[in-house]
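Note that the structure is predicted; figures quoted are calculated from it, not measured. All residue numbers refer to positions in the sequence shown, counting from 1.
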Amino acid sequence: MQKAENNSDNGKHDKDFSVMFAALGDPTRLAIFDRLADGKPRSISVLSDDADMTRQAVTKHLRVLEAAGLVQSHRVGRESQYAFCPEQLAEARAYLDQVAGRWESALMRLKSFVEDDDITGLP
């Protein structure tokens, strides 16, 4: 088995994005994130209105999303408003495109290898 390609960016991106992917891996957080993805900031009370959970539970989910860099909070008077952060998602997409490119390259090498073996008539 060949060792994974050593890329100085891999360790950094894998660690950073694993937090984001873990945050989005929870269906409740994904639903909250989806509501904020339209770009309109919302308060905890607005986000918890349609949810089947307490404001405290919504707050905990928002803190996880904020720690992952997916949302930002701003104080407006006595309320905290949460807003979508597109930059982190754009960086994650670029990372996933990079990973997809490596897989595509590996699959093309495998295809070439298999097709070359078929031509030579090896079992």
Problem set entry | Gap between atom CD of E104 and atom NZ of K111 - 0.5 Å precision | 9.5 Å

Problem set entry | Identified side-chain hydrogen bond (donor to acceptor under 3.5 Å, both in side chains) counterpart of D38 within the set R35, K40, R42 | R42

Seminar exercise, completed: Smallest heavy-atom separation, V71 atom then C85 atom, equals C-SG, 3.5 Å

For this session: Answer yes or no: does atom CG of D52 have more than 12 heavy-atom neighbours from other residues, nucleotides or ligands under 6.0 Å?
Result: no

Problem set entry | Distance-minimising heavy-atom pair for Y82 and L36 | O-CD2, 3.3 Å

Problem set entry | Minimum heavy-atom distance S43-Q81, with the two atoms named | CB-NE2, 3.7 Å

Problem set entry | Polar contact flag, side-chain donor to acceptor under 3.5 angstrom, S73-E66 | yes

Seminar exercise, completed: When rounded to the nearest 0.5 Å, the distance separating CG of L96 from CZ of F17 is 8.0 Å

For this session: Answer yes if the side chains of S105 and R109 hold a donor-acceptor pair under 3.5 Å, and no otherwise.
Result: yes

Exercise. Which pair of heavy atoms, one from G69 and one from Q88, lies closest together, and at what distance?
Worked result: O-CB, 3.2 Å

Exercise. If you look at every heavy atom in S48 and R55, which pair is closest and at what distance?
Worked result: OG-CG, 3.1 Å

Exercise. Which atom names give the shortest non-hydrogen contact between S80 and R75, and what distance separates them?
Worked result: OG-NH1, 3.1 Å

Exercise. Is there a side chain to side chain contact (heavy atoms under 4.5 Å, CB included) between F33 and D26 once you walk through the steps?
Worked result: CA-CA 10 Å; F33 180 73; D26 179 89; over 6 Å; no

Problem set entry | Test side chain to side chain contact (heavy atoms under 4.5 Å, CB included) applied to L70 and M20, step by step | CA-CA 7 Å; L70 294 165; M20 186 191 67; 3.5 Å; yes

For this session: Verify side chain to side chain contact (heavy atoms under 4.5 Å, CB included) between L62 and V58, making sure each step is shown before the conclusion.
Result: CA-CA 6 Å; L62 285 166; V58 171; 3.8 Å; yes

Exercise. Can you tell me how far the NE2 atom of H61 sits from the CD1 atom of I44, to the nearest 0.5 Å?
Worked result: 12.5 Å

Problem set entry | Worked verdict on T59 versus T54 for side chain to side chain contact (heavy atoms under 4.5 Å, CB included) | CA-CA 9 Å; T59 300; T54 65; over 6 Å; no

Problem set entry | Reported CE-to-CG distance for the pair M108 and L110, which is rounded to 0.5 angstrom | 10.5 Å

Exercise. Quick one: are R29 and V64 in side-chain contact, heavy atoms under 4.5 Å?
Worked result: yes

